[in-house]
Structures are given as C-alpha cells and as structure tokens.
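First comes the structure, then the notes that go with it.
Values below: every heavy atom of this structure, side chains too, minus hydrogens, waters and symmetry copies.
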Amino acid sequence: MKPVPHATSLRRAPVQRRSAERLTRILDACADLLDEVGYDALSTRAVAQRAGVPIGSVYRFFGNKRQMADALALRNLERYAVRVTERLKDARRGGDPRAGAAGSRGDWRAAMDAVLDEYLAMKRTAPGFSLVDFGNQIPVGSRAEPNHRVADRLTDLLSDYLGREPDDDLRRIFLIAVETADTLVHLAFRMAPEGDEKIIEEARELLRAYLARALD
C-alpha cells in the first residue's frame, strides 16, 4: 500500500506504515460518506465510525471536516496524476503515434485526451469525487484556488513530455484549459448523471482549438 501524500492540511503527518494505513481508511470513509450524506451532513464522528477508528485518530490528523475534505482533494489530485502518467506510458507502449516514442517529445493531443478522459473516469467512479474532486466543489483551506493547484500539477507533469519549459506561459495555457474544462464538465454532469456526451464532445473540441493555437 502506498502512503497517503502528506497534505498541508494534516495536523500530523503519518510516520509509520500503520499510521498511514489508518489515514487511508479515514479518507476512504470520508469519500464514501460524502456520496451517501453530502458535505453538510458529514461529521468527523461518522467518519471515525465508518473507518473503524477512535475519534481521537481522526483529530490526530484533522482539526475539522474541511481539513479532511482538503486532504481528500489532494489525494484525488495525486491519484489523478498517476492515472494520466500511466495512460501516456500505455499509449507509448501501444504505439500511439501521438504519444511519441520513449524519450521523445509527445503530442499535446494525446496528453489532452489522457487529461480529460481520466478526469471523466474519476468523476464517474471515484467515491466522493463528485463533491470534492480537487477542491473545486467545496472551498477548502486557505491555499491557492483548486484550479491553480491542478494547472500547476499538470505543468510539472507534462512539461517534459511536451518538450516545453515549465514556465509562466505554459502554466497560463494549462490554467485556461483547466478552467474551461472544469466549467464545461460540471455543466455536463449537471445535465446528466454520467455526463452529457454532447457537452463533453463540445468541450473536447473547444480545448483542441485553443491548445492548437497555443501549443502548435
């Protein structure tokens, strides 16, 4: 089991494997309960009961449920980054010409499809994601805006793949793309439980047109 990334919202970072596993159970329980009861009805006591840990274990890591939601959002972002990375590796192994060969510059179109498709997959399947995702639905902490968080992570993740410097220009391009995708994907999921496919395809075409101008 991989340790949970150390979120800045944690009161105390787990040091031992047992502590990391307990934190994982707490965040898993938080995600499940978000789907079942929503954020307003979520409580640290209910999370402790679902996770099978003493309430003191929850407060060892989090001062309140908002900090817990923030840690879940950060875990979602790390898991998302892993999924995008693996998707691009698979594309290269599978000979997708857009993905480029190992060690070569990849095409932004393959990266865009990976970024959007994996976001949609988590939106449809990851517990609690429809409410928290990367922090966009529930304002969390006093940190940077969640879409800035996502754009910065994608810049760090994809700059080498695209053969671009992770400079302010690339961060601005990704921030605009993330803000656009965020708005349209949430619209798609307001229109249909699994996401309105026509709106999603319109979003994909809009992103392609913008990124072609910005990256080609």
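The closest side-chain heavy-atom distance from D113 to R204 is below 4.5 Å. Contact annotation: the side chain of F129 never approaches that of L34 to less than 4.5 Å [non-hydrogen atoms, C-beta and beyond]. The shortest side-chain heavy-atom distance between L27 and F62 falls under the 4.5 Å cut-off. Within the 4.5 Å cutoff, the side chain of Y161 has heavy atoms near those of the R92 side chain. Inter-residue side-chain proximity for I26 and M68 is flagged as met; some heavy-atom pair is nearer than 4.5 Å. A 4.5 Å side-chain heavy-atom check between Y210 and I176 finds at least one atom pair inside the cut-off. Under the 4.5 Å side-chain criterion, counting only non-hydrogen atoms from C-beta, Y80 is not in contact with D133. Looking at heavy atoms from C-beta onward, V47 lies out of side-chain contact with K65 at the 4.5 angstrom threshold.
Other residues, nucleotides and ligands place more than 12 heavy atoms under 6.0 Å from the CD atom of E36. No more than 12 heavy atoms of other residues, nucleotides or ligands lie within 6.0 Å of CG in D168, so this atom counts as exposed by the packing criterion.
Applying the ring-ring contact (aromatic ring centres under 6.0 Å, His included) test to F174 and every residue at least two apart in sequence or in another chain returns nothing. Residues that satisfy the ring-ring contact (aromatic ring centres under 6.0 Å, His included) test with F189, not counting sequence neighbours, are absent from this structure.
Scanning both residues, R164 and I173, for their nearest heavy atoms gives NH2-CD1, 4.3 Å.
Panel note: side chain R153, backbone L77; no donor-acceptor pair is recorded below 3.5 Å.
Salt-bridge formation is not detected for the pair R83/D117: no Lys NZ or Arg NE/NH1/NH2 atom is positioned less than 4.0 Å from an Asp or Glu carboxylate oxygen. Salt-bridge formation is detected for the pair R17/E21: a Lys NZ or Arg NE/NH1/NH2 atom is positioned less than 4.0 Å from an Asp or Glu carboxylate oxygen. Ion pair E205/R208 flagged as a salt bridge, since at least one NZ, NE, NH1 or NH2 atom sits closer than 4.0 Å to an Asp/Glu carboxylate oxygen. A salt bridge links R93 with D90; the closest basic N to acidic carboxylate O contact falls under 4.0 Å. Salt-bridge annotation for K89 and E86: present, with a side-chain N of the basic residue lying under 4.0 Å from a carboxylate O of the acidic one. In summary, R50 and D28 do not engage in a salt bridge, as defined by a charged side-chain N under 4.0 Å from a carboxylate O.
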Kindly indicate, with the supporting measurements, whether the criterion side-chain contact (heavy atoms from CB on, under 4.5 Å) is fulfilled by L88 and L158. CA-CA 10 Å; L88 292 175; L158 297 175; 3.7 Å; yes
Check the pair H186, D182 against side-chain hydrogen bond (donor to acceptor under 3.5 Å, both in side chains), reporting the backbone distance first and the verdict last. CA-CA 6 Å; H186 284 134; D182 177 46; 2.8 Å; yes
Taking it one step at a time, do V84 and Y119 satisfy side-chain contact (heavy atoms from CB on, under 4.5 Å)? CA-CA 9 Å; V84 171; Y119 179 53; over 6 Å; no
Stepwise, does the side-chain contact (heavy atoms from CB on, under 4.5 Å) test hold for E194 with L120? CA-CA 9 Å; E194 293 297 308; L120 292 169; over 6 Å; no
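When each of L170, D169, L175 is checked for a side chain to side chain contact (heavy atoms under 4.5 Å, CB included) with R172, only D169 meets the rule.
L116 and L184 fall into different hydrophobic clusters, defined by Ile, Leu, Val, Met, Phe, Trp and Tyr side-chain heavy atoms under 4.5 Å apart, directly or through other members.
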